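Please read the structure below before turning to the comments.
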Amino acid sequence: MYIREKLSAEIKNIIALGLDKTLESGAFSIDEKPEIFLEIPREKNHGDYSTNIAMQLPKQAKKAPRFIAEALIENLEIQGTSVESVEIAGPGFINFRLKPQWHYQALEEIKSLGDQYGKSQKHAGKTYNLEFISANPTGPMHMGNARGGAIGDILASIAAWSGYDVTREFYINDAGNQIAKFGDSLDARYRQLLGEDIPFPEDGYQGEDITDHMRDFIAINGNNYLKWEEADRKKVLIEYALNKNLDKMKSDLGAYGINYDVWFSEQSLYDSGAIDETIKVLKEGGYAYEENGALWFKATAFGSEKDDVLIRANGLPTYFMADIAYHMNKFVDRQFDRCVNVWGADHHGHVARLKGALTAVGVNADNFEVVIMQLVRLLRDGEVARMSKRKGKAIALTDLIEEVGVDATRFFFNLRSPDSHFDFDLDLAIEQSNDNPVFYVQYAHARICSILRQMDEEVNMDETVDYACLVEKEEMNLLEILSDFPEEILVAEEKMDPSRITRYTIDLAAGFHSFYNACRVRVEDVELMKARVHLIKAVRQVLQNALGILGVEAPERM
RNA sequence: GCGCCUGUAGCUCAGUUGGAUAGAGCAACGGCCUUCUAAGCCGUGUGCCCGGGGUUCGAAUCCCUGCAGGCGCGCCA
């Protein structure tokens, strides 16, 4: 248990015991004991912890908040606890001031846990599937995928730090309409390159990459496939280009710091019979019916306005159909306790009906959650530029990384919460790269490394040190930030907001930079020097842990 | 028309289960390097928390309603 948890539990216990005693004394009576909430006040002079319990009770107790607070405070037993003093403030807050020694606890924890500091067992034993990006493999990834990738990958790390057994998964849309269109586009380019005068499909993929694929393909195979049946030829072309694209995706994402545990093929759902099986389950449950030659899902049974098509009149299952089968596979076949997807805002309409469908097939849809990420708008020359994959106009992920760098890209896309709308100013991003907060954080790490390099002799970390030397307000502040880290991870997990960790690193770096300017580490006073070395080593460790979650380098020199 | 997201300082955004005097960064201005990295620190100013109602001890936060922007509402994915 980390220090913050301990303190919180200890103080809540003091309050609970005090409340019992107060009730026994007959100062007031209540029907039902409230849940005790503690908060860390913004204002430092409001103490270290604060509770509003006295303000929750007036109605039941029929007494004024301050009266309740005073009665309660009489009965609080703080002897032998971490609490130094208690006081009533404002409309009836009870504020707790702690003995300052608690601060040093975090240093011990960090020293003993090292790169494990911040990990929790809260969700130990549970499996967690996180699906993200899942970009169509019909072309290169773009900037929108970069945001989804950063969010998903970091969310996965946060879940793992919270104790989950995490699987990072990429769903390959290698079946259905998109792929047919992909095949049409490839085929048209193939034949055009070989001299046939045929039109390019109107809704085909116009990107250069399609042409490039076919040029390469022709370099290997020439016009051998021209005489094939069109359908067969398309199959060959699709397989060729798809594999090329997937290889590229894997390497591009690897370069971006993302490595998946599972690449799951949509086509495999067809091949394995999972689609048919799912249809059977839906039909048996009475949630599928036929109309106008199509098979429909009774989404209206789950609050939707209209039903959705599962199998088109032409016999082909919809994307929705495959997605139901896919999630049944996750929950039923692979038995994941929890499945989370990161989707762009343009897919949010899909959430409710998929949840409905999962309920229909007997899955507890509460274990399925979607992080909706607002779309990235691209600003170029101060104007909104439309990103279109089909027309090949999107900024490629690889270009972005090359220009901005992996660290800055990951950091930048995690600076804001997923549901904030995001304008990506291309000109600014390139120009601003020096101004990017990622350098601010990395600089703190590099500075610490620099100090340690210059120490006359290594400080023996096994020797006991008098932490009580650390008394400056910058030191206290730094210690508090360090002790917040474990809880910050849990909150980020609960809220599914990875940007909290990014902001945490900024806070920690700011705390360090302030300390650095206010206090010297290499001082004459050996005890103080040792204590400060312990402090900055702890900061370095936590920076490494936090940046590790973000997938950002912690450089030793800058 | 219906649904989801957003609206907080000049700009980009935080704001924990409703809490005390609403906070950061950027931009602007003024200081701090013969001493551990100035990619840094310290200081100065700014608010109709989109408008209007309501709930209560207490609202940026919850409810209703209006306005503005983004995104959906397909036998596309």
Side-chain angles (χ1 to χ4, degrees), chain A residues 35 37-43 45-46 50-52 54-56 58-59 64-66 89-93 95 134 136 138 173 176-179 181 203 266 291-296 304-306 308-320 322-323 344-352 372-375 377 384 415-423 425 428 432 434-444 446-455 474 487-488 491 494-495 499-500 503 506-507 509-510 512-523 529 532 536 557-558:
Chain A
E35 190 180 343
F37 290 114
L38 276 187
E39 65 167 22
I40 298 172
R42 229 187 351 247
E43 272 302 314
N45 55 26
H46 289 152
S50 176
T51 181
N52 62 351
M55 278 123 83
Q56 295 183 299
K59 217 168 233 176
R66 285 200 69 111
F93 290 102
N95 295 338
S134 298
N136 269 311
T138 51
N173 301 128
N177 251 328
Q178 303 266 119
I179 284 296
K181 217 184 285 176
D203 56 351
E266 180 182 358
E291 195 176 288
N292 298 332
L295 186 71
W296 295 75
S304 281
E305 277 179 37
K306 47 193 160 190
D308 294 294
V309 172
L310 294 168
I311 313 254
R312 303 182 184 93
N314 64 10
L316 295 175
T318 59
Y319 174 85
F320 176 46
D323 226 12
D346 53 340
H347 287 67
H348 80 257
H350 189 56
V351 177
I372 292 296
M373 158 195 87
Q374 295 300 314
L375 299 176
R377 285 197 313 175
V384 178
L415 211 45
R416 308 290 176 229
S417 75
D419 55 13
S420 76
H421 298 264
F422 201 82
D423 286 344
D425 191 324
L428 206 65
Q432 222 191 22
N434 244 5
D435 215 5
N436 196 305
V438 70
F439 297 105
Y440 179 82
V441 175
Q442 291 180 320
Y443 185 50
R447 267 183 154 175
I448 294 169
C449 293
S450 171
I451 297 170
L452 294 172
R453 270 196 303 272
Q454 291 170 63
M455 298 300 296
E474 287 83 2
E487 196 167 329
E488 198 55 44
V491 174
E494 199 179 308
K495 293 184 175 290
S499 70
R500 298 188 71 99
R503 286 193 295 273
I506 295 172
D507 288 346
F512 173 74
H513 287 310
S514 291
F515 160 81
Y516 180 89
N517 278 272
C519 312
R520 277 185 65 84
V521 174
R522 296 171 59 206
V523 287
M529 182 270 288
R532 285 184 174 163
I536 66 169
R557 293 169 203 267
M558 282 177 76

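Just so it is clear, the structure is predicted and the values come from calculations on it, not from any experiment. Because only heavy atoms are used, hydrogens play no part in the values below, and waters and symmetry mates are left out as well, while side chains stay in. Labels below follow one simple rule: chain letters A, B, ... track the order of the sequence lines, proteins then strands, and each chain is numbered from 1.
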Using the [atom1] atom on both, measure [N] against [M] and round to a whole Å.
N	M	atom1	result
C50(B)	C42(B)	C1'	36 Å
C62(B)	U17(B)	C1'	12 Å
A20(B)	A60(B)	P	9 Å
G18(B)	C64(B)	P	16 Å
C41(B)	A27(B)	P	12 Å
U12(B)	C76(B)	P	39 Å
A38(B)	U46(B)	P	32 Å
G10(B)	U16(B)	C1'	29 Å

Exercise. Taking O4'-C1'-N9-C4 for purines and O4'-C1'-N1-C2 for pyrimidines, is C42(B) syn (within 90° of 0) or anti?
Worked result: anti
Exercise. What string of B, S and - do you get for nucleotides 72-77 of chain B, 5' to 3', when a contact is any protein heavy atom under 4.0 Å?
Worked result: SSSBSB
For this session: List the protein contact pattern of nucleotides 10-16 of chain B with one symbol per nucleotide (5' to 3'): B for base contact, S for sugar-phosphate-only contact, - for none; contact means a heavy-atom distance under 4.0 Å.
Result: --BSSSB
Is there a Watson-Crick or G-U wobble partner for [N] with both distances under 3.5 Å, and which nucleotide is it?
N	result
U37(B)	none
G23(B)	C13(B)
C29(B)	G43(B)
G1(B)	C73(B)
U55(B)	none

In whole Å, what is the span from the [atom1] atom of [X] to the [atom2] atom of [N]?
X	N	atom1	atom2	answer
Ile372(A)	C5(B)	CD1	P	10 Å
Asp308(A)	G3(B)	CG	P	17 Å
Tyr516(A)	C33(B)	OH	P	14 Å
Ile448(A)	G40(B)	CD1	C1'	13 Å
Arg520(A)	C33(B)	CZ	C1'	12 Å
Met455(A)	C36(B)	CE	C1'	9 Å
Phe439(A)	A38(B)	CZ	C1'	17 Å
His513(A)	G40(B)	NE2	P	7 Å

Contact class for [X] vs. all strands (heavy atom < 4.0 Å): base, sugar-phosphate, or nothing?
X	value
Ser514(A)	sugar-phosphate
Cys449(A)	nothing
Asn45(A)	nothing
Ala89(A)	base

[X] side-chain N/O to [Y] backbone N/O, donor-acceptor pair under 3.5 Å:
X	Y	value
Asn314(A)	Leu316(A)	yes
His350(A)	His347(A)	no
Gln56(A)	Asn52(A)	no
Arg66(A)	Gly90(A)	yes

Look at the side-chain N and O atoms of [X] and state whether any lies under 4.0 Å from the OP1 or OP2 oxygen of [N].
X	N	result
Tyr440(A)	C26(B)	no
Arg447(A)	A38(B)	yes
Gln454(A)	U37(B)	yes

Exercise. Below 4.5 Å, heavy atoms only, C-beta onward: do Arg520(A) and Arg522(A) meet side chain to side chain?
Worked result: yes
Exercise. Heavy-atom distance under 4.5 Å between the side chains of Arg557(A) and Ser450(A), does that happen here?
Worked result: no
Please report the shortest heavy-atom distance between [X] and [Y], naming the atom on each side.
X	Y	answer
Asn292(A)	Ala313(A)	O-CB, 4.0 Å
Val441(A)	Ala509(A)	CA-CB, 3.8 Å
Phe515(A)	Glu474(A)	CA-CB, 3.8 Å
Arg532(A)	Val523(A)	NH1-CG1, 4.3 Å
Pro41(A)	Glu39(A)	CD-O, 3.4 Å
Ile372(A)	Gly344(A)	CD1-O, 4.2 Å

Problem set entry | Contacts of Ile311(A) that satisfy side chain to side chain contact (heavy atoms under 4.5 Å, CB included) - sequence neighbours left out | Ile279(A), Leu295(A), Pro317(A)
Exercise. Can you name the side chain to side chain contact (heavy atoms under 4.5 Å, CB included) partners of Thr318(A), sequence neighbours left out?
Worked result: Val309(A), Arg312(A), Phe320(A), Met321(A)
For this session: Take Ser499(A) and Arg416(A), measure what side-chain contact (heavy atoms from CB on, under 4.5 Å) needs, and give me the verdict at the end.
Result: CA-CA 6 Å; Ser499(A) 70; Arg416(A) 308 290 176 229; 5.6 Å; no
At a cut-off of 3.5 Å, list every protein nitrogen or oxygen paired with a nitrogen or oxygen from nucleotides 28-32 of chain B, distance to 0.1 Å.
none

Exercise. Do Arg447(A)'s NZ or CZ and the ring of Phe512(A) fall within the cation-pi criteria of under 6.0 Å and 45°?
Worked result: no
Exercise. Taking atom types as modelled and ignoring hydrogens, do the side chains of Ser417(A) and Asp419(A) form a donor-acceptor contact shorter than 3.5 angstrom?
Worked result: yes
Write down the protein N/O and nucleotide N/O pairs, taken from nucleotides 54-59 of chain B, whose separation is under 3.5 Å; answer none if there are no such pairs.
| unit_1 | atom_1 | unit_2 | atom_2 | d |
| --- | --- | --- | --- | --- |
| C57(B) | N4 | Met55(A) | O | 3.1 |

